[in-house]
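The block underneath contains the structure these notes are about, expressed in structure tokens.
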Amino acid sequence: MTHEIKCEREYFSQTWLRKKPFEVRKDDRNFSVGDELMLREWIAHKQEYTHRVMFAKISYKLEGGQFGIGKDYCVLGLQRIKRFDYYTE
């Protein structure tokens with residue numbers, strides 16, 4: 001399954017540069033190891049997407065309710081698959 005998610009520019013850039021190989025997310029989509037994320041760079045103050053998109057595979061899922069993570073949240077370990085500087089649907 002592929003989940004399309006918004007990722008604010010600051011955090012997207014760190015993931016793009018491989019400095020942040022994880023996502024902290026509300027676990028409202030039943031994320032599972034092996035699923036793919038389509039991360040779309042989002043500019044919150046403009047309420048719009050850029051053209052940068054990255055696909056990553058979920059390699060690990062840390063369930064919430066432990067280690068100070070809210071029970072409705074999770075931490076997803078990411079393995080980058082591909083990225084696009086200019087993505088069109």
Side-chain angles (χ1 to χ4, degrees):
M1 170 175 266
T2 300
H3 306 275
E4 183 177 331
I5 58 176
K6 291 177 185 175
C7 190
E8 289 195 39
R9 176 172 263 174
E10 174 185 354
Y11 305 111
F12 183 91
S13 293
Q14 294 303 306
T15 304
W16 183 270
L17 296 171
R18 296 184 182 212
K19 293 181 178 183
K20 186 179 81 68
F22 63 88
E23 277 292 312
V24 177
R25 291 279 163 175
K26 186 166 187 161
D27 196 7
D28 57 355
R29 298 178 186 222
N30 197 26
F31 295 111
S32 297
V33 171
D35 287 356
E36 287 188 10
L37 298 181
M38 177 185 181
L39 297 154
R40 298 189 66 193
E41 185 176 31
W42 177 252
I43 303 172
H45 71 276
K46 291 184 178 181
Q47 294 290 292
E48 66 184 27
Y49 291 106
T50 70
H51 291 285
R52 292 200 311 173
V53 171
M54 183 171 31
F55 289 86
K57 185 175 185 177
I58 298 173
S59 58
Y60 183 81
K61 180 180 178 181
L62 179 61
E63 302 281 346
Q66 55 186 337
F67 305 112
I69 302 165
K71 74 175 196 167
D72 294 338
Y73 288 80
C74 63
V75 178
L76 305 172
L78 304 180
Q79 177 184 10
R80 185 164 71 191
I81 298 171
K82 55 191 165 191
R83 67 184 197 172
F84 299 93
D85 286 312
Y86 192 86
Y87 182 83
T88 57
E89 298 177 69

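Residues: numbered from 1 along the sequence shown. Everything numeric in this text was worked out from a predicted model, so none of it was measured.
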(Q) Test side chain to side chain contact (heavy atoms under 4.5 Å, CB included) on Lys61 and Asp27; report intermediate values, then the result. (A) CA-CA 10 Å; Lys61 180 180 178 181; Asp27 196 7; 2.8 Å; yes
Q) Hey, quick one: are Met1 and Val33 part of the same hydrophobic cluster, counting side-chain heavy atoms closer than 4.5 Å, chains of contacts allowed? A) no
Q. Would Phe12 and Ile43 show up in the same hydrophobic cluster when neighbours are defined by side-chain heavy atoms closer than 4.5 Å?
A. no
Q. Is there a donor-acceptor pair closer than 3.5 Å between any side-chain N or O of Thr2 and the backbone N or O of Glu36?
A. no
Q: Please list all pairs passing the ring pair (Phe, Tyr, Trp, His ring centres under 6.0 Å) test where one or both residues lie in residues 25-44, with sequence neighbours left out.
A: His3-Phe31, Trp42-Tyr49
**Q.** Non-hydrogen side-chain atoms of Arg80 and Pro21 separated by less than 4.5 Å
**A.** no
Q) Measuring from Glu41:CD to Lys6:NZ, what's the distance to the nearest 0.5 Å? A) 13.5 Å
**Q.** For Tyr60, ring-ring contact (aromatic ring centres under 6.0 Å, His included) partners two or more places apart
**A.** none
Q. Taking all atoms of both residues into account, what is the closest heavy-atom pair of Arg25 and Leu76, and its distance?
A. CG-CD1, 4.4 Å
Q) Within 45 degrees of the axis of the six-membered ring of Phe22 and under 6.0 Å from its centre: does Lys20 put its NZ or CZ there? A) yes
Q) Considering all heavy atoms of both residues, which atom of Glu23 and which atom of Cys7 are nearest to each other, and what is their separation? A) OE2-SG, 3.7 Å
Q | Side-chain heavy-atom pair Leu78, Leu39 within 4.5 angstrom cut-off | A | yes
**Q.** Least distance between heavy atoms, Arg52 atom then Thr50 atom
**A.** N-OG1, 3.1 Å
Q: Find out whether Leu37 and Ile58 are in side-chain contact, i.e. whether some heavy atom of one side chain is under 4.5 Å from a heavy atom of the other.
A: yes
Q. Given side chains that start at C-beta, do those of Arg29 and Ile5 come closer than 4.5 Å, heavy atoms only?
A. yes
Q) Should Lys19 and Ser13 be marked as a side chain to side chain contact (heavy atoms under 4.5 Å, CB included) after you check the CA-CA gap, both sets of side-chain angles, and the distance that decides it? A) CA-CA 9 Å; Lys19 293 181 178 183; Ser13 293; over 6 Å; no
